[in-house]
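Structure, as structure tokens:
Convention: sequence-line order gives letters A, B, ...; per-chain numbering from 1.
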Amino acid sequence: MSLRLYDTATRAVRDFVSREPGKVGMYVCGLTVQGAPHIGHMRSYVSFDVLRRWLAYRGHEVTHVRNVTDIDDKVLAKSVQTGQPWWAIGYANERLLEQASATLGCLDPTCEPRATGHVPQMLALIDRLIERGHAYAAGPGDVYFDVASYRDYGALSNRRLEDMQPAEDNLGVDGKRDPRDFALWKAVKPDEPADAYWQTPWGRGRPGWHLECSAMAHRYLGEEFDIHGGGLDLVFPHHENEIAQSKAAGYGFARYWMHNGMLNLAGGKMSKSDGNVIDLPTLLASFRPVEIRAFLATPHYRSTVEFSEELLGEAASAYRRIEGFVQRAIERFGATDTAPTQGALCADFLAAMDDDLNTSKAMASIHEVVREGNSALSEDDDAAARSTAASVRAMLGVLGLDPVDHAAEGGPGDDLRVAVDALVRMVLEQRDAARARKDWATADALRDQLKRSGVLIEDTPHGPRWTLADGSA
RNA sequence: GGCGGGAUGGCCGAGUGGCUUAGGCAAGGGCCUGCAAAGCCCUGUACGCGGGUUCGAUUCCCGCUCCCGCCUCCA
């Protein structure tokens with residue numbers, strides 16, 4: 001069985017065949033760095049990180065390009081509003097984003113180009129579009145894409161040009177020939193920061209939204225590449241416009257279009273403009289990064305996900321069941337003996353992932369293997385326990401959820417682990433002594449005391465073990 | 001109004017024309033344990049409403065209701 005992916009452009013699941021055997025070029029829309037990222041953004045990052053890891057597992061060398069759009073209307077508006085330089089705002093938010101991405105265990109992209117660093121490529125593209133009759137300069141600094149000149153406009157988002165009836169408020173005012181035309185290049189405006197422009201043959205201005213992605217995808221992945229991804233809310237107009245720009249310029253552009261579903265809060269899309277936003281630092285007060293990642297990675301990437309702390313808590317509990325097994329196996333055999341091995345993925349998992357990244361089903365198969373592993377562990381079937389642990393770790397690894405990879409990231413109070421461990425051991429020695437003389441009252445009192453301090457004790461045939469009540473082990 | 005997605009057992013969430021009808025969380029019972037915890041075993045018969053096709057539909061078709069997204073900035 002081979003990998004099949006849902007392609008937005010054809011609205012169907014298709015066999016994935018890369019342009020070049022063994023290589024995949026993938027462009028994923030990152031963010032416009034106008035504000036701090038929220039977990040809805042992170043869902044997109046995690047979704048495409050899973051895709052990238054799966055492509056790699058399936059033997060592809062992946063070139064993963066993810067853009068940072070560091071200049072646009074909102075960044076400039078914010079600059080005027082706060083008095084901060086627009087480039088400082090963008091950079092600050094870019095760093096928050098980078099941090100959030102790393103915290104959730106997303107692999108770094110191969111390249112993360114910024115819009116402002118690719119103005120020459122954008123100008124070249126505009127030039128080419130004007131030459132081919134698909135774009136026109138409308139006034140000093142303004143260049144528009146002529147939507148009517150591109151026959152397939154609307155093909156991706158499945159809408160017809162005549163169905164699009166944008167407000168005709170500024171028809172003629174800004175020099176547009178058709179209200180549906182979109183800006184490739186925008187003229188400097190008096191109420192925007194004075195240093196936000198480039199000199200061009202069409203006048204002073206700055207990039208319009210959409211242009212940077214066409215230019216940068218071309219720069220790093222070539223005229224045609226395999227996968228273009230992003231959030232479902234980018235299908236129109238952003239991706240539709242990217243296609244128009246790139247194809248009208250004569251390039252093949254993306255062969256598969258993939259879009260992740262939205263993250264909802266209280267029934268509606270989590271969105272900065274609606275103000276219903278939760279960011280990662282807020283959640284880190286109560287949950288570990290790996291638990292948040294498990295929450296984001298378990299539902300199918302195309303489904304809408306409802307966010308709530310309760311739901312996140314459920315996902316965390318489910319993850320802890322798996323993690324508990326891996327930890328017990330590692331305590332017994334060591335991390336090396338349970339190291340994930342290539343080819344250790346079970347057939348159900350493999351089939352689920354190949355089927356348009358069905359992570360829900362894939363997680364179900366991990367849970368089944370965990371059950372086998374737990375049984376092997378309690379029956380002291382070391383060989384079986386070892387191999388199931390290696391298998392579970394391999395499968396988790398593909399999802400970016402191997403507990404060992406996340407061990408260093410730390411949960412609340414993690415810096416005190418060594419000290420806590422020493423103290424708990426002292427208490428456990430006393431408790432062992434009490435148990436040895438069958439003084440159950442004393443033994444239980446010690447255990448209860450630890451529990452009140454957030455330390456959970458479990459007696460196993462191989463001695464007592466402790467974990468923290470919040471799940472960080 | 002146009003386009004698209006969705007409604008599954010207490011909750012989350014896969015999936016399928018009929019088969020042992022995922023998996024998890026929570027709950028109850030059991031095993032294990034000095035008692036616990038963890039783990040394992042068992043239990044819970046669900047597919048929004050109304051029609052239709054079919055020997056048989058949660059799964060296919062039609063209609064309806066409700067929800068969500070896009071159509072303006074948006075991961």
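Applying the 3.5 Å distance criterion, the base of B:C35 shares a donor-acceptor pair with the side chain of A:Arg447. Applying the 3.5 Å distance criterion, the base of B:G34 shares a donor-acceptor pair with the side chain of A:Arg435. Evaluation of atom-type donor-acceptor distances gives a pair under 3.5 Å for the side chain of A:Asp459 against the base of B:C35. Interface remark: the A:Glu314 side chain does form a donor-acceptor pair with the B:G24 base, using a distance-only criterion of under 3.5 Å.
Residue-level contact check: A:Ser303 touches the backbone only, with heavy atoms under 4.0 Å from sugar-phosphate atoms and none from bases. Nucleic acid contact class of A:Met42 (heavy atoms, under 4.0 Å, all strands): none. The residue A:Leu232 sits apart from the nucleic acid: no heavy atom pair falls under 4.0 Å. Within the 4.0 angstrom heavy-atom criterion, only backbone atoms of the sugar-phosphate kind lie near A:Glu368; the bases stay farther away.
Spacing between B:U33 and B:C47 at atom P, rounded to whole Å, works out to 42 Å. Remark: the separation of the P atoms in B:G17 and B:G10 is 25 Å, to the nearest Å. When the C1' atom is used for both B:U8 and B:U16, the distance is 12 Å, rounded to whole Å. Rounded to the nearest Å, the gap between the P atom of B:A75 and that of B:G69 is 15 Å. Nucleotides B:C11 and B:U45 have their P atoms positioned 15 Å apart, rounded to a whole Å. Comparing the P positions of B:G18 and B:U59 gives a spacing of 11 Å, expressed to the nearest Å. When the P atom is compared between B:A37 and B:A26, the two are found 13 Å apart, to the nearest whole Å. For the P atoms, the distance linking B:G48 with B:G15 amounts to 15 Å, nearest Å.
Taking only side-chain nitrogens and oxygens, A:Asn374 comes nearer than 4.0 Å to OP1 or OP2 of B:C40. Residue A:His367 has no polar side-chain atom (N or O) positioned under 4.0 Å from OP1 or OP2 of B:G23. Phosphate proximity of B:C41 to A:Arg371: present, with a side-chain N or O under 4.0 Å from OP1 or OP2. For A:Arg11 and B:G5, the shortest distance from a side-chain N or O to OP1 or OP2 is not below 4.0 Å. In this structure, A:Lys269 reaches the B:C70 phosphate: one of its side-chain N or O atoms is under 4.0 Å from OP1 or OP2. Remark: A:Asn358 is in phosphate contact with B:G15, judged by side-chain N or O atoms under 4.0 Å from OP1 or OP2. Put simply, A:Arg332 has no side-chain N or O that comes within less than 4.0 Å of OP1 or OP2 on B:G39.
Rounded to whole angstrom, the span from the CG atom of A:Asn93 across to the P atom of B:A75 amounts to 12 Å. The CG atom of A:Leu446 sits 19 Å away from the P atom of B:C35 (whole-angstrom rounding). What separates NE2 of A:His300 from P of B:G5 is a distance of 13 Å, to the nearest Å. Atom CD1 in A:Ile366 sits about 15 Å away from atom P in B:A14, given to the nearest Å. Summarising the geometry, the separation between CG on A:Asp49 and P on B:A75 is reported as 18 Å, rounded to the nearest angstrom. Residue A:Phe349 contributes atom CZ, which lies 14 Å from atom C1' of B:G23 at whole-angstrom precision. Rounded to a whole Å, the CD atom of A:Glu240 is 21 Å from the P atom of B:G69. Summarising the geometry, the separation between CD on A:Glu458 and P on B:G39 is reported as 8 Å, rounded to the nearest angstrom.
Among the nucleotides B:G24, B:G69, B:A14, the one closest to any side-chain atom of A:Ser360 is B:A14. The side chain of A:Asp233 lies closest to B:A75 when the candidates are B:A75, B:C3, B:C68. With B:G24, B:A75, B:G2 as the candidates, the nucleotide lying closest to the side chain of A:Ala318 is B:G24. Counting only heavy atoms from C-beta on, A:Leu311 has its side chain closest to B:C11 among B:C11, B:C3, B:G23. Residue A:Arg321 has its side chain nearest to B:C40 when only B:G15, B:C40, B:C68 are considered.
Using N1 to N3 plus N6-O4 or O6-N4 for Watson-Crick, or N1-O2 and O6-N3 for G-U wobble, each under 3.5 Å, B:G56 pairs with nothing. With a 3.5 Å ceiling on both atom-pair distances, B:U45 lacks any Watson-Crick or G-U wobble partner. B:U20 is unpaired under the Watson-Crick or G-U wobble criterion, no partner having all donor-acceptor distances under 3.5 Å. Using the Watson-Crick or G-U wobble rule with both distances under 3.5 Å, B:G39 pairs with B:C31. The partner of B:C70 is B:G2, by the rule that a Watson-Crick or G-U pair needs both atom distances under 3.5 Å. When both distances must be under 3.5 Å, the Watson-Crick or G-U wobble mate of B:A7 is B:U65.
A:Phe182 and A:His210 have their aromatic ring centers within a separation under 6.0 angstrom. The aromatic ring centroids of A:Phe287 and A:Phe295 lie 6.0 Å or more from each other.
A tilted orientation is assigned to the rings of A:Trp257 and A:Phe253, their planes being inclined by 30° to 60°.
With RNA chain B read from its 5' end, the first of the two nearest nucleotides for A:Arg302 and A:Met363 is the one closest to A:Arg302.
A donor atom on one side chain and an acceptor atom on the other are not found under 3.5 Å apart for A:Asp178 and A:Tyr144. Side-chain N/O atoms of A:Ser79 and A:Gln84 include no donor and acceptor closer than 3.5 Å. Side-chain contact of A:His239 with A:His259: a donor-acceptor pair under 3.5 Å is present, judged by distance alone. Remark: the A:Ser157 side chain and the A:Arg159 side chain contain an N/O donor-acceptor pair separated by less than 3.5 Å. For the residue pair A:Trp86 and A:Asp70, no side-chain donor N or O sits within less than 3.5 Å of a side-chain acceptor on the partner.
No aromatic stack links A:Tyr45 and the base of B:A75, using centre distance under 5.5 Å and interplanar angle under 30°.
Stacking of A:Arg302 on the aromatic ring of A:Tyr6 is recorded, both the 6.0 Å distance cut-off and the 45° axial limit being met.
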